[in-house]
Amino acid sequence: MVSPWAMTTATSTPTPLGFLGLGLMGSRMAKNLAAKGFAVRGWNRSAKRAQGLGLTLAATPAELGAYADVLVTCVADPAALAEVAQGPQGFLATAKKGALWIDCSTIGPDDARAFEAAAKAKGLDFVEAPVTGSKNGAEKGTLVLMVGASDQAFARASKVFAAVGEKAIHVGPVGAGSQVKLAGNVLIAAMLQAFSEGLLLTRKAGASPEKLIEVIQSSGFRSPYFDFKGKAMLARDFDQHFSVDLMHKDLGLFLDSAAKHKVPTPAAASLREIYNLARSAGKGQLDISGVITAFEDLCGTRL
Ligand code: NAP
């Protein structure tokens, strides 16, 4: 049995932490946790991707369940999370009573509540902590976490939050973190789409996209996001920070929640179709800034 305050009490032995999902985000978060003194062991579905990270690797999620006082998950979607937690080799079957499970994947609010119930049934504390800040923020340990948890579980997880992020906002009980995260991603998709359409039309009409960016960034609607993505798009660098496939998943989760609550969300619905279009054109594994290339193909102009 793990003490519920294991990480908030000064202790000489490092906390055993299992990290499941060593993708773009998870690999960087796990390295920061190891650097901050947690005894991290990792697991990834594709073992090859996890090699070279400098982490001790487990053969199965179940092996990490038996090892860890704290389990952190960061996988693609709800189905992937169900697989690592509750699948034939899932960690819930072997997890220690009293362990803490922090999920940093982006999933739906109802998914989060269902995982919380499954964790409770096994005697684990569950915290949902989706993140924002992309792979650069994961690398630098400057993520922002949107946490849904009880006050006690939030306090318990605080050292993990501090190791991977610069701010953890306790937004409410489990479910509230996902709700806020999904709304934030709709905003990103909307900003990026309007930006892309403006850049492409500016170019095709013979004006300067560079000047458009200069004007945007000198105005009241400036955002660091437009510098970050604008530079990459002009350099035609569509290397993945956050994939088109994952944004499509998040727009779908947002729309599921909107349908459940009978809230009309026409902008999000059309954004999901835009991401569907990009996926159908084979752009699913590009960064989200690469959606513009699907529109370049349609209008016969390069940015
Ligand atoms: P990623 O690089 O594609 O990594 C996805 C991870 O999920 C990989 O470890 C992958 O394993 C694993 N996975 C997928 N399907 C699985 C399954 N059926 N069983 C077990 N593992 C499975 O994605 P990411 O960018 O790190 O994103 C991870 C999570 O963070 C997602 O929920 C995403 O929405 C969220 N997020 C991402 C960003 C970002 O900017 N990238 C920002 C905020 C939140 P394999 O390596 O074997 O494929």
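Scope of the values below: all heavy atoms of this structure, side chains included, with no hydrogens, waters or symmetry mates. No experiment lies behind these values; they were computed from the predicted model shown. Atoms within each ligand, like the ligands themselves, are counted from 1 in listed order.
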Exercise. Mind checking the CZ-NZ spacing from F295 to K204? Nearest 0.5 Å is all I need.
Key: 13.5 Å
Quiz prompt | Beyond-backbone contact of W43 with V84, side-chain heavy atoms, under 4.5 angstrom | solution = yes
Quiz item: Is the number of heavy atoms from other residues, nucleotides or ligands within 6.0 Å of NZ (K122) greater than 12?
Solution: no
Exercise. Compute the shortest N/O to N/O distance between L24 and ligand 1 and return yes if it is under 3.5 Å, no if not.
Key: yes
Self-check item: Which residue and heavy atom of the protein sit nearest atom 34 (O) of ligand 1, plus the separation
Solution: K249 NZ, 2.8 Å
Exercise. State the atoms of ligand 1, each with its element, that fall below the 4.0 Å cut-off from a heavy-atom position in K181.
Key: 43 (C), 44 (C)
Quiz item: Is there side-chain contact between L246 and T106, with heavy atoms separated by less than 4.5 Å?
Solution: no
Quiz item: By number and element, which atoms of ligand 1 are closer than 4.0 Å to a non-hydrogen atom of S105?
Solution: 32 (O)
Quiz item: Which residue and non-hydrogen atom of the protein lie closest to atom 43 (C) of ligand 1, and at what distance in Å?
Solution: V131 O, 3.1 Å
Self-check item: Non-hydrogen side-chain atoms of R302 and R236 separated by less than 4.5 Å
Solution: yes
Quiz item: Of T73, V70, L20, which meets side-chain contact (heavy atoms from CB on, under 4.5 Å) against W101?
Solution: T73
Quiz prompt | Subset of ligand 1 atoms that lie under 4.0 Å from at least one heavy atom of G21 | solution = 9 (O)
Quiz item: Taking the minimum heavy-atom distance to atom 32 (O) of ligand 1, which of V75, L246, D77, L20 ranks first?
Solution: V75
Quiz item: For ligand 1, is there an N or O atom under 3.5 Å from any N or O atom of R45?
Solution: yes
Quiz item: Considering only the protein, which heavy-atom contact is closest to atom 47 (O) of ligand 1, and what is its distance?
Solution: S46 OG, 2.4 Å
Quiz item: Is it the side chain (CB and beyond), the backbone, both or neither of V84 that lies under 4.0 Å from ligand 1, heavy atoms counted?
Solution: side chain
Quiz item: What distance separates L22 CG from L57 CG, expressed to the nearest 0.5 Å?
Solution: 7.0 Å
Self-check item: Contact partition for T106 relative to ligand 1, non-hydrogen atoms under 4.0 Å
Solution: both
Quiz item: Is any side-chain heavy atom of F161 less than 4.5 Å from a side-chain heavy atom of F154?
Solution: yes
Quiz item: Is there at least one pair of N or O atoms, one from W43 and one from ligand 1, spaced under 3.5 Å apart?
Solution: no
Quiz prompt | Any L200 side-chain heavy atom under 4.5 Å of C299 side chain | solution = yes
Quiz prompt | Protein heavy atom at shortest distance from atom 42 (C) of ligand 1 | solution = M25 CE, 3.7 Å
Self-check item: Note, D297 side chain near K283 side chain (heavy atom, < 4.5 Å)
Solution: yes
Quiz item: If you count the atoms of ligand 1 from 1 in the order shown, which ones are under 4.0 Å from a heavy atom of C74?
Solution: 28 (C), 29 (C), 30 (O)
Quiz item: Looking at atom 5 (C) of ligand 1, what's its closest protein heavy atom, distance included?
Solution: A76 N, 4.0 Å
Self-check item: Distance-only side-chain donor-acceptor flag, S105 / D103, under 3.5 Å
Solution: yes
Quiz item: Looking at R49, which atoms of ligand 1 are within less than 4.0 Å of one of its heavy atoms?
Solution: 1 (P), 2 (O), 4 (O), 8 (C), 45 (P), 46 (O), 48 (O)
Quiz item: When you measure from atom 9 (O) of ligand 1 to every protein heavy atom, which one gives the shortest distance, and what is it?
Solution: N44 OD1, 2.6 Å
Self-check item: Nearest non-hydrogen protein atom, atom 4 (O) of ligand 1
Solution: G23 CA, 3.6 Å
Quiz item: When you measure from the side chain of K135 to the backbone N and O of Q240, does any donor-acceptor pair fall under 3.5 Å?
Solution: yes
Quiz item: Any idea which of H241, K135, M247 brings a heavy atom closest to atom 41 (N) of ligand 1?
Solution: H241
